[in-house]
Each structure stands twice: as C-alpha cells, then as structure tokens.
Amino acid sequence: MSQLQHHIHLKEGDVGEYVLMPGDPGRAEVIARHFDNAVHVATNREYVTYTGFLDGVKVSVTSTGIGCPSSAIAMEELVRVGAKTFIRVGTSGSIQPGTQSGELAIVTGAIRDEGTSLHYMPADFPAVAHYEVVQALRKAATAKGLAHRVGISQSKDSFYGEVEPEHSGVTQRLLDRWKAWEIGGAICSEMEASTLFIVASMLRVRAGGIMVMHGEGELGSLEPLIETAVLAVRELIKGDQNA
Amino acid sequence: MLNDEKQYHIQLKKGDVGKYVLLPGDPGRCEPIAALFDNPVHVASNREYNTYTGYLDGVKVSVTSTGIGCPSAAIALEELVRVGADTFIRVGTSGHIQPDSVSGELAIISAAIRDEGTSKHYMPIEFPAIADIDLVMAIKRAAEKNKARYRIGITQSKDSFYGQHEPERMGVAADLLNRWKAWEIGGAICSEMEASALFVIASMLRVRAGGVMMVHAKEPMPPLDILLNTSIDALREIIAFDKENGRAVN
C-alpha cells in the first residue's frame, strides 16, 4: 500500500485525506495557491499533485486529466495512499435553458453516459455524491453569495459529441438523449463525475463535485469556483473534527 | 387530464391532499400513519390507493399508499403531483444488503439502483435515481430526534420480491446472485421495490422525493413505531425548513 503508485507517482504521506480534483493539470498549481505552504509533490502523465494545509490540516490537489478512464485511476491510487474525501472541481456545459455563465453547479448525482463505470458496477447502480460533500459545497456557495444550482450532471465520454452532435455517426441518439437529460432536470455536463462517484461508493470514501457552467454570456474568472471548493474543504474538516 | 378533475386511479382532486405526502406501500399502513396527524380524515380508497389527510404544525399533510412495485407507485406520484402535492417521503420496510445490518435500523435513502422496468419508460438507464438532498437531511434530523439507529445510502429497487428471497429457483438465478453481490460491493444498504421510479419521476416533475425504510435483517422485526414517528418528524422538519426558506407550505 505504501509503495509509489504506478500512475500518480505518490506514496503514503504525500497527500492529505482531502483532495481537490480538477481535470486540467495546469489548474492544480492555481488551486494550490489557496493552500498554506503548498508544495509540488509529483507530476506524471496528466497527474499533477500539490500538497499544503488548510486550518492546519493536510490537503492536496491532484489533476485527473480529461475523462473517466484517467479519473478512475487517479481516485483508486489516491485512496491507496490515504485520501478519503474528494471534490471534483472544474468547468462544464449547462443543460437547463436560462443558465447564466458563471453559475455554479453542485453535483448530487451523475448520468453514467460513459464506459468506465460499467467496468465497476451494472448500469442501473446510481452515481451519487456523498451528502456531506454536497452540504459542505452548498454551505460554501451560500456563504460566498454565489448563484448556484444543486442537481444532476451528465458525465459523457465525448466532448465533441456534445458540442457538435451533428458531426457524429450517432447524431439522432445524441440529440434524443440530450433532450432526455434536459427533461430529467440535469443541470450540467462534464466528463468525470459519474465514475468518481461509483468508485467512491465501492471504496467507501466520500466524493462530490462543483462545476462552473458555461451558459448565456461569457465565462469569467474561475476564482469564485476555486474559492468555494476550498471553503467547502474547510467546512468538511470542521465537520469531521466535531464528529 | 385536467388538474381539477378527480384523478383516474387515486380518486383524488385538488384540495384533497397537502403538499407533503407520506408514501407507504401497504394500504393498511395508512391508517396508523394518519393517526399521528392532527385531525386526520379518510379522503379516498380505490384499488391499492388509500389516502388520509390531516395536519402537522398547522400544515396540511397526507398519506397515500402506492401498492407494491414501481408500476403502481409511478401512477400514484404522477396523479398526486397533478392535485398539488410536491414533497414525498416513501416509508416502509426493506431487506438488508450489508452483512452488519441489524433488524430495526433505519435506512435513509440517498439514491436508488434502477433494478426495475418502470423508470425505463421515463429516462434512459444511465440517469441516476437521486433523493432530494433537503429531504435526506430532514429525515436524518428526524432519525436523530427519535434516537434511531440509522445509515444513509443507496437502496436496490427491484421488481421481484421472490427473485431476491429465492433467487436459486429462478431461470435467471446466476444473474440475480451476481448482481446482488455487486450491490453489496457497491455499498447499497437496503432493498425495496418503489424508490427508484419515485426518484426519477420526481426529478422529471421537479418535485422532491426521499425515503426512509426499516431494515429487516436476521433478527425478528421490532414494531414499526420508530419508523412511523421518524417519517412524521421528517415531515415536520421539512415543513420547518421550507418556512425558514420562504417556501409556501400550503
């Protein structure tokens, strides 16, 4: 268990129990700036890790790369080196009409519109975020006075299948299913949450996610997103210390 | 179907029920639940759908039985929404999945395995059946108030009672046994027959649904009092939460 993990190149002690998970390796450093005494720990493939402290507790950020295949590897290996609570943080498309760019999506569950989680659990098993992570994220977004929605994410395997479905060989299926997600009330579309939630359920760890949505208008700075995710980690630390 | 008409199956019209509705499976369980309301009145009985309406903390609340299974539960939810209900708590008994469960503990449902046919008529299988987070938290507070032993997690919503209890005699025995093992590995905590369709349809209708079950494990089942009291207190909790947040409760 304490050996250097094959893909993320981390061993026990390198990360805290709380880990933020952006998709983009370049975003790991930006997030780490919000930690106290952040140190770059490892970089291998799309996995970049920094570790620092929040309220005196060790916390980390590890990028997952795009998609469920690389995210599943990141979570499996992070759990093996001691991580227990995960917050996915990143950008996403919006599904409900009227969504404004910059609104936050706090993810309660995910549509398993991808292949990776089928290697873990039958398709009828729900990808659900841990309620304590959902509540911490809501509390953080409310405290910061940021517009947010709480709901379901579509986790897909194809970015261009979403943004240019007409160029696909399965156009009608993509369009019909997108309509279904809208009818069902899903709020955002990204590429990692469902597998993270399924793997977390199986490994008995906590996972949640917060996304900033592209909708109407220009997407501004990601700082409010990152600040909210960091504040949510603080809330979880406080809750765990009181438990 | 016009909303002010009497609904086809549940035989209820607007005004007959409150916004807050408890949903047991068993029609016979409506009366003992309604006995915990203030001024309960029997409103309708048709097929497996039995309804009482009363008050909690001055707010109109109801209990409607769904019958067993997602097909009849889906009809109950659709028609209750048409007559004004928007917040639902499924309440009942369930099997257990985790080996360390004890009979009488409560399962507060966060999401459901869609191991049934009905919800596939509503949404593709990849769409998750998720309980409303505010109801999960309200039920949790109610369970704590009642000093109940509880866990929060995923339920298996199945279409066959005997497929779960006697899988070996079925023509799909290996599949049933393999999938049951998967649910255990995945961390699911209980097994019942209605939650998944209720959650998927609630998402589509933009209403709230949650669930609390008393788990049957190896030991004999205790009386259901702590389950029923928790479900009543959960309604009080969500009503109080809605009042705090400026949401209309009547």
Side-chain angles (χ1 to χ4, degrees), chain A residues 95-96 106-115 117-118 120-139 142 150-157 173-174 176-187 193-194 197-206 208, chain B residues 98 108-117 119-120 122-140 151-159 175-176 178-189 195-197 199-208 210 245:
Chain A
I95 297 183
Q96 295 301 317
I106 295 170
V107 184
T108 56
I111 300 163
R112 296 175 55 190
D113 202 0
E114 39 80 23
S117 71
L118 294 173
Y120 284 85
M121 288 296 281
D124 33 2
F125 194 86
V128 58
H130 196 281
Y131 70 95
E132 287 170 346
V133 181
V134 175
Q135 289 295 87
L137 287 164
R138 291 175 85 187
K139 205 168 167 187
T142 303
V150 179
I152 290 166
S153 175
Q154 176 216 24
S155 300
K156 62 189 181 275
D157 268 349
R173 180 170 190 273
L174 290 172
D176 289 347
R177 286 162 63 88
W178 184 264
K179 187 71 195 163
W181 313 146
E182 182 186 333
I183 291 169
I187 58 175
S194 57
F197 295 170
I198 294 286
V199 176
S201 281
M202 298 182 70
L203 299 181
R204 310 291 195 269
V205 296
R206 300 184 297 191
Chain B
Q98 295 301 318
I108 300 171
I109 304 177
S110 61
I113 300 163
R114 295 175 54 187
D115 199 0
E116 38 78 26
S119 72
K120 295 185 185 75
Y122 285 85
M123 288 295 281
I125 191 62
E126 299 91 337
F127 194 86
I130 303 286
D132 180 82
I133 182 82
D134 292 326
L135 283 176
V136 173
M137 300 311 292
I139 298 167
K140 178 174 184 280
R151 38 185 110 188
I152 299 177
I154 291 166
T155 184
Q156 176 215 24
S157 299
K158 61 188 180 275
D159 268 348
D175 194 41
L176 289 171
N178 286 336
R179 285 163 61 85
W180 184 263
K181 187 72 196 162
W183 313 146
E184 183 185 333
I185 292 169
I189 59 172
S196 56
F199 294 172
V200 168
I201 297 168
S203 281
M204 298 181 69
L205 300 180
R206 310 292 195 269
V207 297
R208 303 181 294 189
N245 288 279

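In the text below, chain A, chain B and the rest are named by the order of the sequence lines, each starting its count at 1.
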Q: Of all the heavy-atom pairs spanning B/Gly186 and A/Met202, show the shortest one and how long it is.
A: CA-CG, 4.0 Å
Q) Relative to chain B, which segment of A/Val128 carries a heavy atom at a distance below 4.5 Å: side chain, backbone, both, or neither? A) both
**Q.** Engaged part of A/Gln135 at the chain B interface, taking heavy atoms whose separation is under 4.5 Å
**A.** side chain
Q) What part of A/Val199 gets closer than 4.5 Å to chain B, counting heavy atoms only: side chain, backbone, both or neither? A) neither
Q | Region of A/Ala127 in contact with chain B, defined by heavy-atom distances below 4.5 Å | A | backbone
**Q.** Interchain contact, A/Ile152 with chain B, by part (heavy-atom threshold 4.5 Å)
**A.** side chain
**Q.** Point-to-point distance, once rounded to the nearest 0.5 Å, from CD of B/Glu126 to NZ of A/Lys156
**A.** 14.5 Å
(Q) Under the criterion side-chain contact (heavy atoms from CB on, under 4.5 Å), I'd like the reasoning laid out for A/Met121 against B/Ile113: C-alpha separation, chi angles, the key distance, then a yes or no. (A) CA-CA 11 Å; A/Met121 288 296 281; B/Ile113 300 163; 6.0 Å; no
Q.
What verdict does the side-chain contact (heavy atoms from CB on, under 4.5 Å) test give for B/Asp134 and A/Arg138, after you've listed the backbone C-alpha separation in whole Å, the side-chain angles of each residue and the deciding distance to 0.1 Å?
A. CA-CA 11 Å; B/Asp134 292 326; A/Arg138 291 175 85 187; 2.8 Å; yes
Q) Which region of B/Ile185, side chain (C-beta onward) or backbone (N, CA, C, O), has a non-hydrogen atom less than 4.5 Å from a non-hydrogen atom of chain A, or is it both or neither? A) both
Q.
Quick check on B/Ala112 against chain A: is it the side chain, the backbone, both or neither that has a heavy atom closer than 4.5 Å?
A. backbone
Q) Which one of A/Phe197, A/Phe125, A/Tyr120, A/Trp181 has the most heavy-atom pairs closer than 4.5 Å to chain B? A) A/Phe125
Q: Name the region of B/Ile125, side chain, backbone, both or neither, that has any atom closer than 4.5 Å to a heavy atom of chain A.
A: both
(Q) For B/Ile201, which atoms come within 4.5 Å of any heavy atom of chain A: side chain, backbone, both, or neither? (A) neither
Q. When rounded to the nearest 0.5 angstrom, what distance separates CE in B/Met123 from CZ in A/Arg177?
A. 9.5 Å
Q. Who among A/Ala110, A/Gly109, A/Ser155, A/Ser194 has the most heavy-atom pairs with chain B under 4.5 Å?
A. A/Ala110
**Q.** Top contributor to chain A interface from B/Val200, B/Leu205, B/Asp115, B/Asp132 [non-hydrogen pairs under 4.5 Å]
**A.** B/Asp115
**Q.** Sidechain N-carboxylate O distance under 4.0 Å for A/Asp124, B/Lys120
**A.** no
